[in-house]
2 protein chains.
Amino acid sequence: MSKKGKHVFNGKEYPCCASLTMGVIGGKWKTVILYHLKDEAKRYSQLRKEMPAVTERTLSLQLKTLEDDGIVKRKVYTTKPPLKVEYSLTKLGETLIPLIISIAEWGETASKT
Amino acid sequence: MSKKGKHVFNGKEYPCCASLTMGVIGGKWKTVILYHLKDEAKRYSQLRKEMPAVTERTLSLQLKTLEDDGIVKRKVYTTKPPLKVEYSLTKLGETLIPLIISIAEWGETASKT
DNA sequence: CTGTATCCAAAACGATACTG
DNA sequence: CAGTATCGTTTTGGATACAG
């Protein structure tokens, strides 16, 4: 019995290529995170400052999900506290930049209407 | 006390222009619906056939949400059963087409990796 | 044919305290 | 500094029966 999900990414099946993308960047915060990472690597604390509306827990979970999907990479610079950790886009993550920009632009235009 | 949500659409506030867009097209099914409507108007039953994985209830709810946001319009052609209802994109909805296509293309590429 | 009503399960998200 | 643990709330989606 073949499943209908013809589109597979990172072990997950999706019924449509559009829903695959949404599985990767969907949810309340992932596009916002990617938007803040699109130009440069940032530290965890810096992301927190730039996204005050997201909780530690959620930011942490979403970053981990993005890492699992190969969109974001995590680099640790110190072994002892205070820790320094930087997040940045992977090669695959960079292919999402035009999409993230389009998403942000549509939102900007729509909010002016 | 000013709220941080600077971006407003259809009465809802978002912390970032990217999240505004995701509020409109986010979720498991909305991009899929829009993908199927991008070229032509379709009847409810036809959408159901093309998206067998979504339930009646969810399809109905998501269409209504898209209608509320002014992305999709609903046109009724008969007054008595059997009803004929067609869904199509509004002008605002059409501005999302390039985005939907980009989203679908990224998903297609990613599923081949 | 085109939905709505009801009930339920799962996922996402938030608040807060605490740890390496 | 960079998270995790715990718990509760909200949102989302599914199954199914039924209605206009």
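A, B, ... follow the sequence lines: proteins, then strands. Residue 1 opens every chain.
Here the side chains of A:Leu59 and A:Thr55 are not in contact, with every heavy-atom distance at 4.5 Å or above. Side-chain atoms of B:Leu99 and B:Thr21, non-hydrogen and from C-beta on, do get closer than 4.5 Å to each other. Using a 4.5 Å heavy-atom cutoff, the side chains of B:Lys38 and B:Ile101 are in contact. Looking at B:Leu47 and B:Leu63, their side chains come closer than 4.5 Å, going by heavy atoms from C-beta outward.
Across all strands shown, B:Lys80 has no heavy atoms under 4.0 Å from either base or sugar-phosphate atoms. Counting any heavy atom pair closer than 4.0 Å across all strands shown, A:Glu86 reaches no nucleic acid atom. Residue contacts for B:Gln62: at a heavy-atom cut-off of 4.0 Å it reaches the sugar-phosphate backbone alone, with no base atom in range. Here A:Tyr87 lies in heavy-atom contact (under 4.0 Å) with sugar-phosphate atoms only.
Interface limits on DNA chain D: the 5'-most and 3'-most nucleotides within less than 4.0 Å of chain B heavy atoms are D:dG13 to D:dG20.
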side-chain contact (heavy atoms from CB on, under 4.5 Å), that's the test. Do B:Val76 and B:Arg74 meet it? Break it down for me. CA-CA 7 Å; B:Val76 186; B:Arg74 178 178 180 271; 3.5 Å; yes
Take B:Glu56 and B:Tyr44, measure what side-chain contact (heavy atoms from CB on, under 4.5 Å) needs, and give me the verdict at the end. CA-CA 9 Å; B:Glu56 291 172 17; B:Tyr44 180 79; 3.6 Å; yes
Applying side-chain contact (heavy atoms from CB on, under 4.5 Å), run through A:Glu13 and A:His7 and close with a yes or a no. CA-CA 6 Å; A:Glu13 271 189 17; A:His7 303 273; over 6 Å; no
Hey, mind stepping through B:Glu67 and B:Lys73 against salt bridge (charged side-chain N to carboxylate O under 4.0 Å, His left out) and telling me if it holds? CA-CA 6 Å; B:Glu67 209 189 337; B:Lys73 60 182 172 239; over 6 Å; no
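Look at A:Thr58 and you'll find a side-chain N or O under 4.0 angstrom from OP1 or OP2 of C:dG14.
We find that CZ of A:Arg48 is positioned 12 Å from C1' of C:dG14, with the value rounded to whole Å. Put simply, CG on A:Leu66 is 13 Å from P on C:dA12, counting in whole angstrom units.
Across A:Gly11 and A:Val8, no two heavy atoms sit closer than the pair N-CG1, 4.3 Å.
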All N/O donor-acceptor pairs, side-chain side in residues 26-37 of chain A, below 3.5 Å, sequence neighbours left out:
unit_1: A:Lys30; atom_1: NZ; unit_2: A:Gly23; atom_2: O; d: 3.4
unit_1: A:Lys30; atom_1: NZ; unit_2: A:Val24; atom_2: O; d: 3.3
unit_1: A:His36; atom_1: ND1; unit_2: A:Glu50; atom_2: OE1; d: 3.0

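The stretch residues 27-45 of chain A touches DNA chain C through A:Gly27, A:Lys28, A:Trp29, each having a heavy atom under 4.0 angstrom from the strand.
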Summarise protein proximity over nucleotides 15-20 of chain C in one line of letters, 5' to 3': B for base, S for sugar-phosphate only, - for none, counting protein heavy atoms closer than 4.0 Å. B-B--B
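With sequence neighbours left out, the side chain to side chain contact (heavy atoms under 4.5 Å, CB included) criterion links A:Glu86 to A:Ala41, A:Arg43, A:Tyr77, A:Lys84.
A salt bridge is absent between A:Asp68 and A:Lys12; no separation between the charged side-chain nitrogens and carboxylate oxygens falls under 4.0 Å.
Once rounded to the nearest 0.5 Å, the distance linking CD1 of B:Ile100 with CD1 of B:Ile103 reads 5.0 Å.
Axis deviation across the helix from C:dC1-D:dG20 to C:dG20-D:dC1 amounts to 50°, comparing end segments of five pairs, rounded to 10 degrees.
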